[in-house]
K.L.:
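The structure's right below; bear with me while I get my questions together.
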2 protein chains.
Amino acid sequence: MTELQRRPTLMDVAKAAGVSRALVSIVMRGAPGAAESTRQKVLEAARELGYRADSRARLLRSSRTKLLGLIFSSSQPFHAEIVDAAYAEASARGYEIALSAVATGRPEARAIETLLDVGAEALIIIAPTLSPEDLALHARRVPVVSLLREDVGDLVDSVSSDDYAGIRIAVEHLASLGHCRITHVDGGTAVSSDQRREAYRTEMLRHGLEPVIVPGGPDEETGMRAGQVLQADLPTAVIAFNDRSALGIMESFRAAGISIPADISVLGYDDSHFARLSYVQLSSISQDAPLLAAAAVDRAVDRVEGTLPPGRVVRTPHLVLRRTTGHAGAQKVGQN
Amino acid sequence: MTELQRRPTLMDVAKAAGVSRALVSIVMRGAPGAAESTRQKVLEAARELGYRADSRARLLRSSRTKLLGLIFSSSQPFHAEIVDAAYAEASARGYEIALSAVATGRPEARAIETLLDVGAEALIIIAPTLSPEDLALHARRVPVVSLLREDVGDLVDSVSSDDYAGIRIAVEHLASLGHCRITHVDGGTAVSSDQRREAYRTEMLRHGLEPVIVPGGPDEETGMRAGQVLQADLPTAVIAFNDRSALGIMESFRAAGISIPADISVLGYDDSHFARLSYVQLSSISQDAPLLAAAAVDRAVDRVEGTLPPGRVVRTPHLVLRRTTGHAGAQKVGQN
DNA sequence: TAGTTCGACTAGAACGATCTAGACGACGAC
DNA sequence: GTCGTCGTCTAGATCGTTCTAGTCGAACTA
């Protein structure tokens, strides 16, 4: 069996390069105060030994870790896209990301503790479920950024997508296609469901249309049940709470021989992976995960580096047009 | 703005309780060597001050972090299930998990470095793509466990599902339903694709059947294309590389008016979230993610704590019967 | 009584980095 | 020639823990 080898330290590099530890430290973190020639010599020695700074020791002394904590839910595919984008943005700003998942039997509070223990300087929480009070408690230690949820109190930053605007775009799109009977299948108790439901109601009224809301949920199963309810009195268009719900709705239509978009238009929300599949081609409202993620990371870094106060960032979603929405046609007369 | 408050240290507690730092340390980690009376006194003082050990300092000194590094791919929904289960198992064995994702522009090597930096004592990598040599390089530093991939060299542990057995079960299931013309849509260059393809070939021959392989891939799009190829000469059953591929295959059949399982049986692999959807009900081979995850965590912990040599753990997958496979019927005669 | 053992406790050295204060030589100004 | 300045480099303190090697007194043994 091979012996597990000790990881090289500053001292090792210093000896190899024939200089002091302090100088190696200076070179490694790119601080001024080293001659170019020795800088090269030290870097060479470090590379040779495969040296990497021990973040625990560094942190103990300097309290700078350049580490951002990101909390996501392992059961939400949409979160994965955000994680992906967050890495890119953090890297661009010279930070690393420490991940922690909310999973079954692993509450948000636990995820937060873990991240603080490994030395995260700021926390980004995707769709946090903690109360504003609990969040504020943590926000007194480190900057906290809430992603995809807005009502998080004054001590916590938030980066979110404008749900109201998203629904407005959805209603306007369908209205412009001549639809008058537009139903909303809501998200039940899911985050953002209330905002979207209210936005839908307001926008419909603004267009002089009657809002009809069918209870739903955040996944295919609830969408399918809602689809069956819809069939009792088929509208000409549906705005689903999200793409997964839309998928369920469409599936129930398919089983009943109702064709899309000829008989009814279906609009999703999230522009997720599913919506893009060639055999789905779901028109959807995109929250643009990469942009949201980048905004959250920027916010976190700004808070860590500067002293600016917590604030809100709101981005406007946009429509991604595919195959499931079309002009209100003959069916409107027939079905009415 | 509220000032960020300094957290209390061992010294603070020691002063408050009127003892030495060392004794507080002993009490805090429940080590033997303190009288019950002083133990209570110290605990009381610690509680009073809201003391929490600074894990950075603790880890720096003790080199025990009780931290397991887990590397997954943000684009694989199947990995999320494993992450979920790994948390539970690690927690049960008194360890924490540090997560790191492989994402676009963020290679595996980078993910590994991050985890080592925060002090992971062992690495669990889901479907690693590094070469055995590169893996071995890291395995000299810390125990490395490969999950879902077997050919990783002698220095690296592996926990995997027996692909051969999985395919054997698949072929046997379909053969027992009377199918003779069973086609395999492979996974292209995806991990495990080669093993499953070969297992399929061998098992078909063992049953005296002729193996037919259609090139595919790990997702819906490639599955759909394969489905179209299949239609030129429809077999009575298909074994897809995974569930997503099966979904694509089924979609292409649906578009062509081919019904499942009346005209053709479709069998997936992974028993993922998709397979379980009420309108999909895909029969599938389950690798049992929670069990695999638990085995990987156990392996990692055993390696960290004991001195046992690297080894292989192989689990046998099982069949989950749903609605997409059925008896070979009339179509066999008609289509031939 | 002297020696041994034992439990309770402590001082001080790690751990691996950063930071502060200062040394040293070279160079220019007066 | 002395002084100050500047750039480069180093020694040693420090962060908050844990670990090692004791000390100290009481109890037990012979």
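Bear in mind that the values here come from a model prediction, so they are computed numbers and not experimental data. We name chains A, B, ... by the order of the sequence lines, and we start the count at 1 in each one.
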K.L.:
Expressed as a whole number of angstroms, how long is the span from B/Arg39:CZ to C/dC9:P?
P.N.:
10 Å
K.L.:
Write down the atom of B/Ala53, the atom of B/Arg58, and the distance for their closest heavy-atom approach.
P.N.:
CB-NH2, 3.4 Å
K.L.:
Identify, between B/Arg52 and A/Thr38, the residue whose nearest nucleotide on DNA chain D lies closer to the 5' end.
P.N.:
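The 5'-side residue here is A/Thr38.
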K.L.:
So does A/Thr129 get a backbone contact from the side chain of A/Glu108, meaning a donor-acceptor N/O pair under 3.5 Å?
P.N.:
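It does hold such a pair.
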K.L.:
Among pairs that include at least one residue of residues 68-83 of chain B, which meet salt bridge (Lys or Arg N to Asp or Glu O under 4.0 Å), considering only residues two or more places apart or in two chains?
P.N.:
B/Glu81-B/Arg276
K.L.:
Among residues two or more places apart or on two chains, list those pairs meeting salt bridge (Lys or Arg N to Asp or Glu O under 4.0 Å) that have a residue in residues 112-128 of chain B.
P.N.:
A/Arg7-B/Asp117, A/Arg52-B/Glu113, A/Arg52-B/Asp117, B/Arg64-B/Glu121
K.L.:
What's the shortest heavy-atom distance between A/Ala17 and A/Lys41, and which atoms?
P.N.:
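Taking A/Ala17 first and A/Lys41 second, the nearest heavy atoms are O-CE, 3.6 Å.
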K.L.:
To the nearest Å, give me how far apart CG (B/Asp12) and C1' (D/dC15) are.
P.N.:
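Rounded to whole Å, this separation is 13 Å.
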K.L.:
Choose from D/dT17, C/dA8, D/dT10 the nucleotide whose nearest atom is closest to any side-chain atom of B/Ala57.
P.N.:
D/dT17
K.L.:
Output one line per pair: protein atom, nucleotide atom from nucleotides 4-6 of chain D, and distance, for all N/O pairs under 3.5 Å.
P.N.:
none

K.L.:
In terms of side-chain heavy atoms, does A/Arg315 have a donor or acceptor partner in A/Ser161 at a distance below 3.5 Å?
P.N.:
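A/Arg315 vs A/Ser161: no donor-acceptor pair found between side chains.
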K.L.:
To the nearest Å, give me how far apart CZ (A/Arg7) and P (C/dA17) are.
P.N.:
8 Å
K.L.:
State, yes or no, whether a side-chain contact exists between B/Ile126 and B/Leu70 at a heavy-atom distance under 4.5 Å.
P.N.:
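The answer is yes, as the side chains (C-beta and beyond) meet within the 4.5 Å cut-off.
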K.L.:
Give the minimum heavy-atom separation between B/Leu23 and B/Gly33, together with the two atoms involved.
P.N.:
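Closest pair (atom of B/Leu23, atom of B/Gly33, distance): CD1-O, 4.1 Å.
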K.L.:
Restricting to pairs with a member in residues 15-26 of chain B, which pass side chain to side chain donor-acceptor pair (under 3.5 Å), not counting sequence neighbours?
P.N.:
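Only B/Ser25-B/Arg29 qualify under side chain to side chain donor-acceptor pair (under 3.5 Å).
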K.L.:
Side chains of A/Ile97 and A/Ile124, heavy atoms from C-beta outward: is any pair under 4.5 Å?
P.N.:
no
K.L.:
Using a cutoff of under 3.5 Å, can you pull out all pairs of nitrogen or oxygen atoms linking the protein to nucleotides 21-25 of chain D, with atom names and distances?
P.N.:
none

K.L.:
Hey, does B/Ser25 reach any base, or is it just sugar-phosphate, or nothing, if we go heavy atoms under 4.0 Å?
P.N.:
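Since a base atom lies under 4.0 Å of B/Ser25, the category is base.
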K.L.:
State, yes or no, whether a side-chain contact exists between A/Leu155 and A/Leu135 at a heavy-atom distance under 4.5 Å.
P.N.:
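No, every pair of side-chain atoms sits at 4.5 Å or beyond.
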K.L.:
So, is B/Thr9 close to the D/dC15 phosphate, meaning a side-chain N or O under 4.0 Å from OP1 or OP2?
P.N.:
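For D/dC15, OP1/OP2 do not have a side-chain N/O of B/Thr9 under 4.0 Å.
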K.L.:
To the nearest 10 degrees, what angle separates the axes at the start and end of the helix from C/dT1-D/dA30 to C/dC30-D/dG1, five pairs each?
P.N.:
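The angle separating the two end axes equals 60°.
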K.L.:
Are A/Gln40 and A/Glu36 close enough that a side-chain donor and a side-chain acceptor fall under 3.5 Å?
P.N.:
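Yes, side-chain donor-acceptor contact under 3.5 Å.
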K.L.:
For the side chain of A/Tyr87 and the backbone of B/Ala101, is there at least one donor-acceptor N/O pair under 3.5 Å apart?
P.N.:
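Yes, because the side chain of A/Tyr87 sits within donor-acceptor range (under 3.5 Å) of the backbone of B/Ala101.
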K.L.:
Where the side chain of A/Leu60 is defined as all heavy atoms beyond and including C-beta, which of D/dC15, C/dC9, C/dA17 is the nearest nucleotide?
P.N.:
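Closest nucleotide among those given: D/dC15.
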K.L.:
Mind calculating the distance between NZ (B/Lys15) and P (C/dT10) to the nearest angstrom?
P.N.:
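Computing the B/Lys15:NZ to C/dT10:P distance gives 14 Å.
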K.L.:
Which pairs with one or both residues in residues 150-161 of chain B pass salt bridge (Lys or Arg N to Asp or Glu O under 4.0 Å), sequence neighbours excluded?
P.N.:
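Checked against salt bridge (Lys or Arg N to Asp or Glu O under 4.0 Å) - neighbours excluded - the pairs reaching residues 150-161 of chain B are B/Arg149-B/Asp151, B/Asp157-B/Arg299, B/Asp157-B/Arg303.
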K.L.:
Select one nucleotide: of D/dT10, C/dT10, D/dT17, the one nearest the side-chain heavy atoms of B/Leu10.
P.N.:
D/dT17
K.L.:
Round to the nearest Å and state the distance from B/Asp54 atom CG to D/dC15 atom P.
P.N.:
13 Å
K.L.:
With sequence neighbours left out, write down each residue that passes side chain to side chain donor-acceptor pair (under 3.5 Å) with A/Glu48, or none if nothing qualifies.
P.N.:
none
K.L.:
Taking for each residue the nucleotide of DNA chain C bearing the nearest heavy atom, is the 5' side occupied by A/Val24 or by B/Gly18?
P.N.:
B/Gly18
K.L.:
Given atom NZ of A/Lys66 and atom P of C/dA17, what is their separation to the nearest angstrom?
P.N.:
18 Å
K.L.:
Quick one: which of C/dC15, C/dC9, D/dT18 gets closest to the side chain of B/Arg29?
P.N.:
D/dT18
K.L.:
Might you work through the side-chain contact (heavy atoms from CB on, under 4.5 Å) test for B/Leu130 and B/Val152, ending with a clear yes or no?
P.N.:
CA-CA 9 Å; B/Leu130 286 178; B/Val152 286; over 6 Å; no
K.L.:
Going by number, which of residues 40-49 of chain A have a non-hydrogen atom under 4.0 Å from DNA chain C?
P.N.:
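Listed by number, there are none.
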K.L.:
Any N/O pairs under 3.5 Å between the protein and nucleotides 11-14 of chain C? List them or say none.
P.N.:
residue: C/dG12; atom: N7; partner: B/Arg21; partner atom: NH2; Å: 3.2
residue: C/dA14; atom: N9; partner: B/Arg61; partner atom: NH1; Å: 3.4
residue: C/dA14; atom: N3; partner: B/Arg61; partner atom: NH1; Å: 2.3

K.L.:
Restricting to side chain to side chain donor-acceptor pair (under 3.5 Å), what partner residues turn up for A/His138, sequence neighbours left out?
P.N.:
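With sequence neighbours excluded, A/His138 shows a side chain to side chain donor-acceptor pair (under 3.5 Å) to no residue whatsoever.
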K.L.:
Say whether A/Thr316 and A/Asp162, considering side chains only, have a donor N or O and an acceptor N or O under 3.5 Å apart.
P.N.:
no
K.L.:
Expressed in angstrom and rounded to an integer, what is the separation of B/Leu23 atom CG from D/dT18 atom P?
P.N.:
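Nearest whole value for this atom pair: 12 Å.
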K.L.:
Between protein and nucleotides 24-28 of chain C, what N or O pairs are separated by less than 3.5 Å?
P.N.:
none

K.L.:
Within a strict 4.5 Å, meaning less than it, do heavy atoms of the B/Thr9 and B/Asp54 side chains meet?
P.N.:
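No; the side chains remain at least 4.5 Å from each other.
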K.L.:
Under a 4.5 Å cut-off applied to non-hydrogen side-chain atoms, are A/Ser75 and B/His273 in contact?
P.N.:
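A side-chain contact under 4.5 Å is absent here.
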K.L.:
Between C1' on C/dC19 and CD1 on A/Ile26, what's the gap in Å once rounded to a whole number?
P.N.:
10 Å
